[in-house]
Amino acid sequence: MRQASEKFYPWVAYVSKMTGKPVRLTLAKDQELAHMQVKPENIQKFKVGAKKDGRITACQREFFVNTGERSGGGGSGGRSELYLHVIPNWKEIGNDYRTNSMTTGPSRSNMQQEFKWGWEQMMDEMAEAVGIDPVQFRLLNVQKPGTKVTIESGGPTMVLMPEMEKGFLTYDSYASVEVLQEGMKAIGWEKRNPAPGGNPGRFKRGFGMAMSQHHAGRLGYHEGEVGFERTVKRGNADVYQSEIELNADGNIILHFAQPDSGTNHGTGIATQIAEILGYTTLDHMRLSWGDSDLAPPAPGWNSGLSTQLQGGALCKAADKLRQDLLKRASDTLKTDAARLQIRDGVISSKEDPKKTTTFAALAKTAEGRVIRQHASCCHPGAIGRAMNRGIGTCFVEVEVDTWTGNWRFIRAAYCHDTGNVINPLLAEADMNGSLVQSTQVATEAIPWDREFPGTRHFSVGYLSYRLPTIMDVPEQTQVFVNSLEPRWFFGTKGFAETAIGAPPGAIANAIYNACGVRIREHPISKDKILAGLKTKATGKA
Amino acid sequence: MKKISVYRPTTIEEAIQILSLHGTEAGVYAGGTDLLIRLKNRLKQAPSYLVDIKKIGNLRYIKEDAQGGVQIGALTKLAEIAESDLLAKKYPVLVQAVKTISSPELRNASTLGGDLLQEVWCQYLRGGYSCWRNGGYICYGAIGDNSYYHSAMGGRLCYAVYPGDAAPPLITLDAKVRIATPSGMKDLTVEQLVPGDMMVDGRIQSHVIRFNEILTEVVIPPPKTGFRASFEKLRPRGVWDFAMASASLGLQLRDGRIDDARVVFGGISGKPFRERSVEEFLKGKTLNAELANQAPASALSNAAPLKYNATKIDMAKGLLTSGLDKLAREG
Ligand SMILES: Cc1cc2nc3c(=O)[nH]c(=O)nc-3n(C[C@H](O)[C@H](O)[C@H](O)COP(=O)(O)OP(=O)(O)OC[C@H]3O[C@@H](n4cnc5c(N)ncnc54)[C@H](O)[C@@H]3O)c2cc1C
Ligand code: SF4
């Protein structure tokens, strides 16, 4: 939302200056929808060729994107979001055009649902055309560890990277196969009826799935690495800085400028720092975030970069603090640092437990009674440092009432490779929210009036801004494939937005499997299902 | 929000006096779940003088009368209806319908009287557009996005659907309402109460209660042997939302044959839409699955959908089949 909120900065600054007080601007829901940004409307057309064995050989994608009142909202038509498969020949014809509709841009992830919705349905239609199960079809075509990518074939988010060899980057940490296989198991894919609409009776059940990955692997470089120096020198890197502070009370204060708007990444970051500094609980961790007066600068908050890069800078700073404390303790205890151990704020000799000091004691003797360390991380551009990507699948089972067009979820299973998951409880909760938000994107019309564009429409609150309710959200299974990523702190890959692009395609594919109605035009709605069923029954549109 | 004054009378007579004093500037305030939203959304048509009737003692009850019917006070909460054992035993269809209204939290605040007399939920009205119901001279719903809150059965000035879910099953139960007026009590059937899209005291409303009248009671006649009823509602989400379409059925059966029928559709028209052609079609027929499939052919032939809402008619027909099918299966 950063770009969309920028227009309010002068007002906020003005009011703050006039009152001498900090100012927070909160928009009502209808104003937020009218003044912030919404996903772009778009049309996508695919021409795809595959061999008899199911391998895709060529894809032509034509897209038209309504970027609203400013360009850039639809950008490249989300190509990088789609770039999941090995497609030797790819042609793209894109048209962005400006209109007087609302500002468009990232909303509930950047261009994911709106483009994958078409792509993932196309993949299902192709699978049907070549007579292969949709999951097997994806397994056949998806990029895998070992897949080589060039700047040209990698899509718009590829940039030159120090790891490139002979013009290629090679995927090495990428559990694309596992997320498909584990998702199948979690949902019970074998129960899927291979004939669309083939189940008997009024209430028909169906299975569907779709894949998703966020534009880039979220692995960066931290200071001390060659890639860090090179990337910073190149001049286009976002540098994330953090500071960590030990005070005389023995508390660790993590200073970082990025805000937290509900993601709770602070908990994940604090868990990592506690572990680096030898704490077994979070009791001594203190967060100071979101205020650039109290923390060194960092870029905006988006794209699953917070725990990775803001957190990475803190991990690096914590590492430096650990070394610093060991050195100070070594001097105080007259013991080689290699012979010292740390646990819950106490540093002691491994051989002689009586030789101890504490973090608090060391801070008390430091200048200003605090010990600080600072560190930075950077991102090599739009794509992560090496060919790791977070990747996800969403599998759903739905039931369609063929008499009324009503549909409901039966179950859902999200399956992710996001590297090591630091806080599974939080991760699961986040994914529950992800399904809710993405389902709304799939099932709600664009948030402006179709007949009076440019006017307010969402004035009946949550009666017309229809987020799925607790009654609509299915039982959900979360599978996390903790793939190996040895290059980053704790093996994390960046979590947010991985699978959030998948539900619209998964729901559409499941509805097709349930009742044989293919909904190619957004949103998925009961009236379209009913109309489709009527057409099927009468042969008339 | 505009400035308002709230009166808290303790008798119906006092309330009627205050209402009469302020004319159409005043409004009855029951649970407030419709009224206060209109005020907060700054609707021009919302009253400035609220007459809170909750201090009037004898308007909140569910009791059996001497004939075996049931009287429900206008201030009875929807939650109390949903939880009433007496109503569940005598009129399960009403309990079933009320349980699909809004959400448990809202049902704790909303009253039966308020549900029957609530304002329409057209997004243009609720968004403060200056339409027929809000001091203007145009209907945005008829020409705008009318996919959900608007009538597929035609209209006069206002095209909003009647939103209440309590009225359709009450009509199938032949329920009546009692109304306190300045000149004494009067009785109406629920069907007469909500004829939809009426000009009353110079404003358009869905019901016929005048500015200085108060609904006091709903009276349901005793259930007859052989009477069976069903309620089916289709809404966008599992809670909160109004009906895209609903079907309330009441069948008087004798030896499997239908002696008499009530068929009322909700969510598709400016009033609870009693479909007499289906009632006639059903009369004298044997209730079975085949009949359930045949019935929609006789339904809603006068449909006049707007640009986006033709689907309401198909949904209503689907719900009709579904209701009849369920009743046939119950045997
Ligand atoms: C999110 C949401 C979802 C909803 N979903 C549904 C739904 O699915 N189905 C449904 O049927 N309804 C639904 N409603 C409407 C809700 O049921 C009504 O708002 C409620 O029943 C009104 O009752 P109340 O006591 O709060 O009335 P109030 O808001 O106090 O009054 C409503 C109107 O009736 C008048 N009034 C009330 N009582 C009397 C009386 N005794 N005599 C004369 N006039 C009176 C008032 O003057 C006012 O005009 C929903 C409302 C919301 C906010
Ligand atoms: S449908 Fe009724 S409430 Fe809606 S705009 Fe038209 S007149 Fe107003």
Side-chain angles (χ1 to χ4, degrees), chain A residues 28-31 33-34 201-203 399-409 436 439-440 443-474 523-535 537-538, chain B residues 37-38 40-43 100 102-104 106 121-129 140-149 163 232-242 244-247 289 292-293 296 305-323 325:
Chain A
K29 192 80 220 170
D30 59 330
Q31 292 167 353
L33 284 161
R202 166 182 176 184
F203 296 100
E399 182 181 86
V400 174
D401 178 351
T402 54
W403 290 6
T404 62
N406 201 8
W407 75 272
R408 66 181 180 107
F409 276 122
V436 167
T439 301
Q440 191 207 20
T443 55
E444 272 269 279
I446 43 167
W448 64 74
D449 195 300
R450 286 182 275 189
E451 292 295 320
F452 309 121
T455 58
R456 281 170 44 180
H457 175 74
F458 284 97
S459 31
V460 201
Y462 286 96
L463 267 178
S464 41
Y465 187 67
R466 287 201 189 92
L467 273 172
T469 69
I470 192 77
M471 306 298 287
D472 308 295
V473 182
I524 298 167
S525 61
K526 300 179 200 317
D527 54 311
K528 284 185 198 153
I529 296 174
L530 196 54
L533 287 165
K534 214 169 148 185
T535 309
T538 59
Chain B
I37 295 179
R38 279 188 275 138
K40 278 197 173 171
N41 283 1
R42 299 186 172 90
L43 263 60
T100 72
S102 59
S103 68
L106 281 161
W121 290 82
C122 160
Q123 76 272 19
Y124 298 109
L125 168 70
R126 298 275 170 172
Y129 284 62
Y140 293 90
I143 52 170
D145 183 335
N146 38 46
S147 48
Y148 178 49
Y149 293 107
E232 306 260 324
K233 169 176 172 178
L234 190 63
R235 52 183 160 174
R237 291 173 296 183
V239 68
W240 275 349
D241 284 321
F242 292 86
M244 299 167 90
S246 76
N293 283 321
L306 298 167
K307 184 168 175 185
Y308 294 108
N309 68 7
T311 190
K312 279 178 177 273
I313 302 300
D314 291 328
M315 286 173 176
K317 288 183 181 181
L319 294 174
L320 171 65
T321 308
S322 177
D325 188 69

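In this structure, A:Arg466 and B:Tyr148 have side chains that are in contact, with non-hydrogen atoms separated by less than 4.5 Å.
Across every non-hydrogen atom of B:Val239 and A:Met471, the tightest pair is CB-CG, 3.7 Å. What you find for A:Asp472 and B:Arg237 is that their closest heavy atoms are OD2-CB, 3.3 Å. For A:Lys526 against B:Arg235, the heavy-atom pair with the smallest separation is CE-O, 3.2 Å.
Heavy atoms closer than 4.5 Å to chain A are found in both the backbone and the side chain of B:Leu319. Looking at A:Arg408, neither its backbone nor its side chain comes within 4.5 Å of chain B, counting heavy atoms on both sides. Contacts of B:Lys317 with chain A are absent, with no heavy-atom separation under 4.5 Å from either backbone or side chain. In this structure, the portion of B:Tyr308 lying under 4.5 Å from any heavy atom of chain A is its side chain and not its backbone. Proximity to chain A involves both the backbone and the side chain of B:Ile143, based on heavy atoms less than 4.5 angstrom apart. Only the side chain of B:Asp325 comes within contact range of chain A, with at least one heavy atom under 4.5 Å from a heavy atom of that chain.
Rounding to the nearest 0.5 Å places CH2 of A:Trp403 at 10.5 Å from CG of B:Leu320. Taking CD1 of B:Ile313 as the start and CG of A:Leu530 as the end, the distance is 11.5 Å to the nearest 0.5 Å. The distance from atom CG of A:Asp527 to atom CE of B:Met244, rounded to the nearest 0.5 Å, is 6.0 Å.
Using cut-offs of 30° and 60° on the angle between ring planes, the pair B:Tyr129 and A:Phe452 is tilted.
Ranked by heavy-atom pairs under 4.5 Å with chain B, the list A:Thr402, A:Asp401, A:Asn406, A:Thr469 is led by A:Thr469.
Residues that satisfy the side-chain hydrogen bond (donor to acceptor under 3.5 Å, both in side chains) test with B:Asp314, not counting sequence neighbours, are A:Lys534.
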